[in-house]
Amino acid sequence: MLRKVLLTALILAALKAGTSLAADTKLEGRVFGSWSLNMTEGADSYNKFGLERSYITAKSKIGDYTSAVITFDLKEKNSDTDNGYYVILKYGYLDWQPEFASGYLNIILGLQSVKYVGFADNSVWKRRYILRTVGDLNKFRSSADLGATFNFKLGEKGKWGEAALSIFNGASYSDVVEKNKQKDINLFLALKPLTDDPEWGNSVLAGQFYSGTQNIAFGDSLDGEDYRRKIFSLAGSLVDNDRFDLGVDFNWQTLGQGQGSADISQFAHSFMATLYLKKFFGEKSLLRTLNLFGRFDAFDYDTGTDDDGHNMYIFGMECAPAKNIKASVNYRTIDYQQSGKKNDEYLSLNTDLRF
């Protein structure tokens with residue numbers, strides 16, 4: 001335990017030293033807090049306060065065309081015998097913009113965000129402090145992995161969107177060990193078709209195609225081609241500025257099960273809607289800072305098997321009094337298709353603080 005505390009202290013000291021030595025280095029932080037009440041039958045109103053996640057990010061401009069980013073993630077341990085928190089590296093990458101294509105191309109090397117997961121999180125759902133997006137939540141793809149990305153801006157400064165080609169290990173930031181020699185290819189495209197429209201300009205549309213191999217060890221008796229992984233995704237958000245937005249996040253995945261076994265086909269879909277109250281109340285009303293939102297998820301572990309999926313509903317009210325502060329009261333229920341399995345129900349208070 002003492003070693004972990006000392007390691008964390010050294011990391012923070014190094015970040016602070018870097019800030020003083022490099023004028024172009026900035027520190028940022030984000031904290032997700034929560035209180036949740038388990039309303040599931042038999043849970044006896046179990047409730048708890050929690051620190052869901054905490055992030056510390058250092059961004060440093062190394063040169064005119066090169067920068068570096070490091071993000072540490074404070075996570076709660078999920079173990080009955082080992083309680084508390086631990087620090088893990090979420091991002092650690094170099095971002096290089098070639099001089100000949102400055103503003104239109106950048107190359108990212110290292111432990112980095114998976115483009116589509118980040119898009120669905122930041123541009124469609126926008127409430128990771130409450131819950132992860134449907135694909136991330138159901139483990140279609142980790143939100144970060146080791147690899148290289150060639151990112152192309154569409155229009156000046158990405159005015160019309162972006163396209164990206166990524167090569168990944170196929171692991172995740174929480175389990176970075178690459179267990180085979182195969183690499184994964186990820187194609188991503190995001191468009192802003194209404195960018196010049198003052199009312200609908202924030203509307204976006206994106207898709208991805210992901211092809212690779214499941215991160216398992218292959219001995220002499222296993223063939224990587226029999227354990228392929230393919231993901232096809234579509235997401236978008238129709239935004240009427242300051243009034244409402246409607247979002248979708250559709251994901252289909254195919255997983256190879258070995259020679260002689262049929263592939264598993266899965267889907268994870270999400271529908272979202274938000275009503276912003278800003279336009280309905282006066283400038284001095286506190287109700288201007290409130291949003292009403294809802295989300296519906298549908299997940300099927302194997303489309304060839306009956307009653308192995310579930311649906312999830314989230315309804316809530318969000319308060320956003322300032323740019324760096326959000327809080328939400330929300331109700332969530334998970335409805336299982338399996339006969340006789342009880343629904344899960346939760347009432348939660350979640351907060352998101354940036355600094």
Side-chain angles (χ1 to χ4, degrees), residues 32 52-53 73 75 90-91 111-147 149 162-176 184-191 204-215 227-238 245-256 263-274 293-303 308-314 332 334-337 344:
F32 298 166
E52 299 296 332
R53 306 299 277 269
D73 181 1
K75 300 177 65 175
K90 177 69 180 283
Y91 303 126
L111 184 58
Q112 59 190 276
S113 173
V114 174
K115 298 290 290 186
Y116 180 84
V117 179
F119 173 85
D121 188 13
N122 297 316
S123 299
V124 182
W125 171 229
K126 306 171 187 175
R127 295 179 177 87
R128 196 176 196 278
Y129 75 101
I130 296 176
L131 195 67
R132 290 174 290 168
T133 57
V134 65
D136 189 7
L137 184 65
N138 290 289
K139 303 185 184 302
F140 274 40
R141 191 65 184 93
S142 171
S143 58
D145 194 3
L146 281 162
T149 294
E162 61 180 324
L165 167 63
S166 300
I167 304 171
F168 290 123
N169 277 346
S172 72
Y173 75 96
S174 57
D175 184 10
V176 296
D184 296 357
I185 301 297
N186 189 196
L187 298 174
F188 171 79
L189 176 65
L191 300 174
V204 290
L205 179 68
Q208 75 160 345
F209 175 71
Y210 190 99
S211 179
T213 306
Q214 297 171 60
N215 191 35
Y227 293 89
R228 302 294 292 175
R229 170 172 58 179
K230 292 184 178 180
I231 305 172
F232 179 69
S233 304
L234 286 172
S237 182
L238 181 65
D245 62 57
L246 303 173
V248 295
D249 180 7
F250 299 147
N251 303 269
W252 297 267
Q253 177 169 242
T254 302
L255 298 173
D263 294 348
I264 287 180
S265 295
Q266 305 176 334
F267 69 74
H269 302 331
S270 190
F271 303 83
M272 294 147 278
T274 303
F293 67 89
R295 169 174 155 182
F296 168 73
D297 287 3
F299 171 69
D300 194 319
Y301 176 79
D302 185 353
T303 57
D308 67 340
H310 66 259
N311 297 327
M312 181 176 67
Y313 304 84
I314 303 176
R332 184 194 330 165
I334 303 175
D335 180 10
Y336 297 97
Q337 295 177 352
D344 290 335

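One-based numbering along the sequence shown.
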For this session: Only counting residues at least two apart or in another chain, list the ones meeting side-chain hydrogen bond (donor to acceptor under 3.5 Å, both in side chains) with Ser211.
Result: Arg228
For this session: Could you verify whether a donor N or O on one side chain and an acceptor N or O on the other, from Asp300 and Gln266, lie under 3.5 Å apart?
Result: no
Seminar exercise, completed: By ring pair (Phe, Tyr, Trp, His ring centres under 6.0 Å), Phe299 pairs with (sequence neighbours left out) His310
Problem set entry | Salt bridge Lys75-Glu52, side-chain N to carboxylate O under 4.0 Å | no
For this session: Before accepting this row, confirm whether a basic side-chain N of the pair Lys126/Asp245 lies closer than 4.0 Å to the acidic partner's carboxylate O.
Result: yes
Exercise. Which residues pass the ring pair (Phe, Tyr, Trp, His ring centres under 6.0 Å) test with Tyr313, sequence neighbours left out?
Worked result: Phe296
For this session: Starting at CG of Asp263, measure out to CG of Leu255 and round the result to the nearest 0.5 Å.
Result: 8.0 Å
Seminar exercise, completed: To the nearest 0.5 Å, atom CZ of Arg229 lies from atom CD of Gln214 at 7.0 Å
For this session: Return yes when atom NZ of Lys230 has more than 12 non-hydrogen atoms of other residues, nucleotides or ligands closer than 6.0 Å, and no otherwise.
Result: no
Exercise. Say you draw a straight line from CG of Leu246 to OG1 of Thr274; how long is it, rounded to the nearest 0.5 Å?
Worked result: 8.5 Å
Exercise. Of all heavy-atom pairs between Tyr91 and Ala144, which one has the smallest distance, and what is that distance?
Worked result: CE2-CB, 3.6 Å
Exercise. With Tyr227, which residues qualify under ring pair (Phe, Tyr, Trp, His ring centres under 6.0 Å), at least two apart?
Worked result: Phe218
Table please: side-chain donor-acceptor pairs of residues 132-140 below 3.5 Å, with sequence neighbours left out.
{"from": "Asp136", "atom 1": "OD2", "to": "Arg128", "atom 2": "NH2", "distance (Å)": "3.4"}
{"from": "Asn138", "atom 1": "ND2", "to": "Val134", "atom 2": "O", "distance (Å)": "2.9"}

Seminar exercise, completed: Interatomic distance, CD1@Ile264 vs CG@Asp302, rounded to 0.5 Å, equals 5.0 Å
For this session: Identify, with sequence neighbours excluded, every residue that meets ring pair (Phe, Tyr, Trp, His ring centres under 6.0 Å) alongside Tyr173.
Result: none
Exercise. So which heavy atom on Asp249 is nearest to which on Ala120, and how close?
Worked result: OD2-CB, 3.7 Å
Exercise. Think Arg141 forms a cation-pi with Tyr116, using NZ or CZ under 6.0 Å from the six-ring centre and within 45 degrees of its axis?
Worked result: no
